[in-house]
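In this text, all values refer to a predicted model and were calculated from it rather than measured experimentally. This chain uses plain numbering: 1 for the first residue, then up along the sequence. Every number for a ligand or one of its atoms is a count from 1 in the order of the listing.
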Amino acid sequence: MKMKAAVMCHTGQPLEILDVELAPPKAGEVLVKVEATGICHSDLNALEDETTPTPTILGHEGAGIVVEVGPNVKSVKPGDRVALSWVPYCGTCEFCVTGSVNLCESAFGPMFAGTLLDGTSRLSVEGETLYHYSILSTFAEYTVVPEMSCIKIPDIMPFAQASLIGCGVATGYGAAVRAAKVTPGSTVAVFGIGGVGVNAIQGARIAGASKIIACDVKEQNLELAKTFGATHVINVAKVAADEALKELTGGYGVHFAIDCSGNTQAAAAAWKGTRKGGTVVVVGAFNPQKELTLPAGGFHRMGKTLKGSFYGDVNPFHDFPIIAQLYLEGKFMLDELVLGKISLEEINKAFDSFHDCSCVNVGRSVITF
Ligand SMILES: [Zn+2]
Ligand SMILES: [Zn+2]
């Protein structure tokens, strides 16, 4: 079938709206009419990254309606409304069978090769093959995705809000609820108040934390953190975060710290500001050239846990419906994350706004069709 899509033809260049050919779904695949797709900072990173295979269709935060299913698809049918996950899983690999579906072996190769799970593409333009991006390629009117990327959502769930669940929302919520396992009455520090951080705050709030302390270098991010549930804020550009955290917690430090900043110094401060027996979850991506340095003295006596987390340790089929339900009950803020709705043709304007430092880096422009 023919459809309109925003195509990344060259690294760093504006996307081009082209008529693209989309082949039908193969076994285990689903054709989805994209109703809404968020524009994420990761899409900008991919646009500016020379290792992204081109030409490609970016976009990895989407929601829509199932139009057609390939052979052997059992969990969805035409007409179902779905939110998309960019971490489909196989259910049979070493990591899936031990409960870590977010670490499934099957998705990573195709994700970086720019294909679907079978190593091939369904996309082409005038006979030239287009690459997929993050297995979803949602900057298009339609997309073919793995069945294991399609999570059913309630019919009353608005698509723009649903489209955001599958990326920063799930990662932040999961970092607090699944990876850190925040407990009622506990104290939580969240470092890095961006698209993941505000949702870690929301996860901590829903888990019943008594104090949620937002740590960032920007005053406007800290103000925003309060609207999502932070009870206290620390401007880490002005004061030492670990000392400030201890001051707010009777000298002990927090029970849980969640680092969403991608900054190794912030992670070290999170470690120092966490109490004995506490847990630090690092969900932000560090620069691989850097090393994380932690104080060695008394390490064994502290009994702390340092844990990395990919995709917030979520299982999309379990956690997306929970987040949707929490939203519908008024307990999880998604409306505030939809900064504006735009058309596919306006996509380059949204990318440009990422370069404007005055723009708040929480929330999304969402393309609706
Ligand atoms: Zn994203
Ligand atoms: Zn697997």
Rounded to 10 degrees, the angle SG of Cys90 makes with SG of Cys93 at the Zn ion (ligand 2):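 Taking the Zn ion (ligand 2) as the apex, I get 110° for this pair.
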Qualifying residue for side-chain contact (heavy atoms from CB on, under 4.5 Å) with Ile165, from Leu337, Leu84, Leu334, Ile151: Leu334
Salt bridge check: are [X] and [Y] linked by an N-O gap of less than 4.0 Å?
X: Glu21; Y: Lys2; answer: yes
X: Glu29; Y: Arg122; answer: yes
X: Asp352; Y: Lys349; answer: no

Steps toward side-chain hydrogen bond (donor to acceptor under 3.5 Å, both in side chains) verdict (Thr37, Glu61): CA-CA 5 Å; Thr37 173; Glu61 303 183 353; over 6 Å; no
Metal environment of the Zn ion (ligand 1), protein N/O/S under 2.8 Å: Cys40 SG, His60 NE2, Glu61 OE2, Cys167 SG
Heavy-atom closest contact (Lys152 atom, Pro321 atom, distance): O-CG, 4.4 Å
